[in-house]
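Chain A is the first sequence line, chain B the second, and so forth, proteins listed ahead of strands; every chain is numbered from 1. All values below come from the heavy atoms of this structure, side chains included, with hydrogens, waters and symmetry mates left out.
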There are 2 protein chains.
Amino acid sequence: MLNVSSNPADLLPQARIRLAALELFGQQGFDQTTIRQIATRAGVSPGLVIHHFGSKNDLRQACDDYAYRLFAEERVYLKGSGPMPTLERFMADHPDLQPVLAYLVQCLRGGGEGAERVYRLFCSLSDEMLTEAEQQGLLSLPEDRQAAIAVFAAWAAGLQMLGDLFARQLGGQHISDPDVMRRYAVVTTELLSRGLLSASFTDMLRSVIEPSDHKESNT
Amino acid sequence: MLNVSSNPADLLPQARIRLAALELFGQQGFDQTTIRQIATRAGVSPGLVIHHFGSKNDLRQACDDYAYRLFAEERVYLKGSGPMPTLERFMADHPDLQPVLAYLVQCLRGGGEGAERVYRLFCSLSDEMLTEAEQQGLLSLPEDRQAAIAVFAAWAAGLQMLGDLFARQLGGQHISDPDVMRRYAVVTTELLSRGLLSASFTDMLRSVIEPSDHKESNT
DNA sequence: GTCTATATAATGATAGAC
DNA sequence: GTCTATCATTATATAGAC
């Protein structure tokens with residue numbers, strides 16, 4: 001089991017540096033964070049940061065591996081309490097993992113390979129979660145499973161990326177605020193149970209979208 | 001009407017600089033873009049960039065105003081073709097606006113005031129769009145309208161931020177790829193019409209979420 | 001392992017010629 | 001208005017003492 005909640009002062013300097021970097025990268029982003037800031041927060045000299053990790057980019061890689069393993073190998077997403085464990089609910093129960101999630105969300109923001117890795121992870125975790133719920137008869141996925149999972153992962157990732165903006169729009173401060181989470185849960189439950197679109201509008205959309213098995217009627 | 005599709009070579013240097021900055025900021029982000037890159041793309045000297053705009057930050061502000069006005073004052077989001085004009089569908093019909101949208105999405109990525117402004121714009125446009133559709137009887141929004149609109153805007157914004165990652169997960173290159181758009185439309189239509197959750201699971205979720213009018217039964 | 005001091009590179013911004 | 005040349009700052013990374 002990876003260690004996340006220890007007192008930073010008890011960690012070795014190398015681990016303290018990695019933790020400080022993960023927190024600062026997660027809060028400010030990679031480019032906005034300087035080695036000097038990391039060193040100050042870890043209580044060491046800037047030279048020691050380079051001594052242990054080689055370069056700022058290598059330090060980023062170390063943070064990537066640490067954060068990714070924590071979420072992927074431990075499958076934390078799936079250990080949520082409550083009936084349908086969403087990411088938001090899980091994070092509310094495990095506040096000590098918040099810096100790790102913030103780091104992964106910054107990876108998504110940054111784009112490139114790092115973002116792709118994290119989004120794939122979100123897809124993989126969504127897949128397991130939805131598949132398990134489906135086997136228990138709690139829900140039934142659309143025919144195009146892969147697309148449905150990609151959409152769910154995108155919704156979850158996007159909400160995390162917007163973060164506090166979404167919460168502020170609902171009069172709160174953070175997604176984990178009880179009132180924000182409740183309103184979010186109520187609305188999504190309603191949208192995903194009774195639906196949103198009228199029957200006639202749904203039919204019209206279906207005919208316009210032209211799924212491949214209806215294509216002969218138009219071309 | 002603001003001008004977006006002119007040949008850059010015909011524009012005055014000041015407009016060429018602004019356009020080059022908007023494109024580079026949108027592709028690479030603000031921090032990763034240098035004044036020298038902007039000058040090279042605009043075909044002018046780095047000094048002229050500062051001469052016309054004062055500073056890199058002032059240039060960003062000019063791009064902000066330009067992009068925001070294009071989307072907000074012209075209400076482009078709502079002019080989409082098709083029955084339910086989503087952002088993705090609109091962009092497919094107006095490829096010349098793609099750099100402007102890319103810029104706004106980078107604002108969302110960057111966080112801070114710029115992101116808040118853009119997210120509020122997405123909420124405002126979603127509000128108008130959904131309200132109009134509701135008045136036409138095409139759909140019926142949940143009771144908590146504000147939360148529903150915030151969720152829709154977050155879904156749209158998040159999907160744009162993930163951008164190509166989502167498309168690649170579906171075997172495409174970009175969200176505007178016909179196959180990607182079709183699968184996306186089919187899945188979301190299904191999720192928002194027949195729903196996703198089973199009736200019993202919906203009841204269970206509702207009892208756990210405890211909306212305020214059921215609260216007396218637990219505290 | 002840890003620190004201080006410094007080399008080196010890049011960037012935003014300035015000054016002044018044309 | 002436009003350019004070239006340059007300054008001043010900042011950041012990463014190195015070198016070597018302890």
For this session: Mind telling me whether B/Tyr103 and B/Phe25 have parallel, tilted or perpendicular rings, with 30° and 60° as the class edges?
Result: tilted

For this session: Using a heavy-atom cut-off of under 4.0 Å over every strand shown, decide if B/Ile50 touches base, sugar-phosphate, or nothing.
Result: base

Seminar exercise, completed: Between B/Gln28 and B/Gln106, the two heavy atoms sitting closest are C-NE2, 4.2 Å

Exercise. Going by an N to O cut-off under 4.0 Å, is there a salt bridge joining B/Arg145 and B/Asp127?
Worked result: yes

For this session: Scan B/Pro46 against the nucleic acid and name what it touches under 4.0 Å (heavy atoms): base, sugar-phosphate only, or nothing.
Result: nothing

For this session: Test A/Arg117 against A/Asp65 for salt bridge (charged side-chain N to carboxylate O under 4.0 Å, His left out), laying out the working first.
Result: CA-CA 11 Å; A/Arg117 197 183 179 197; A/Asp65 292 342; 3.6 Å; yes

For this session: Validate the cation-pi geometry between B/Arg18 and B/Phe53: distance from NZ or CZ to the six-membered ring centre under 6.0 Å, angle to the ring axis within 45°.
Result: no

For this session: Name the nucleic acid region contacted by B/His51, choosing base, sugar-phosphate or nothing; use a 4.0 angstrom heavy-atom cut-off, strictly under.
Result: base

Exercise. Tell me: CD1 of B/Ile38 to C1' of C/dT11, nearest whole Å?
Worked result: 12 Å

Problem set entry | 5' priority, DNA chain D, between B/Leu48 and A/Gly47 [closest heavy atom] | B/Leu48

Problem set entry | B/Arg120 with B/Glu116: basic N within carboxylate O range, under 4.0 Å | yes

Problem set entry | For chain A, the stretch of DNA chain D it reaches, first to last nucleotide, under 4.0 Å of its heavy atoms | D/dA11 to D/dT14

Seminar exercise, completed: In terms of heavy-atom contacts, B/Cys107 and B/Ala115 come closest through O-CB, 3.3 Å

Grab the N/O contacts between the protein and nucleotides 6-10 of chain C below 3.5 Å, and write none if there aren't any.
none

Problem set entry | Reference residue A/Asp177; test side chain to side chain contact (heavy atoms under 4.5 Å, CB included); the match among A/Asp179, A/Ile175, A/Val180 | A/Val180

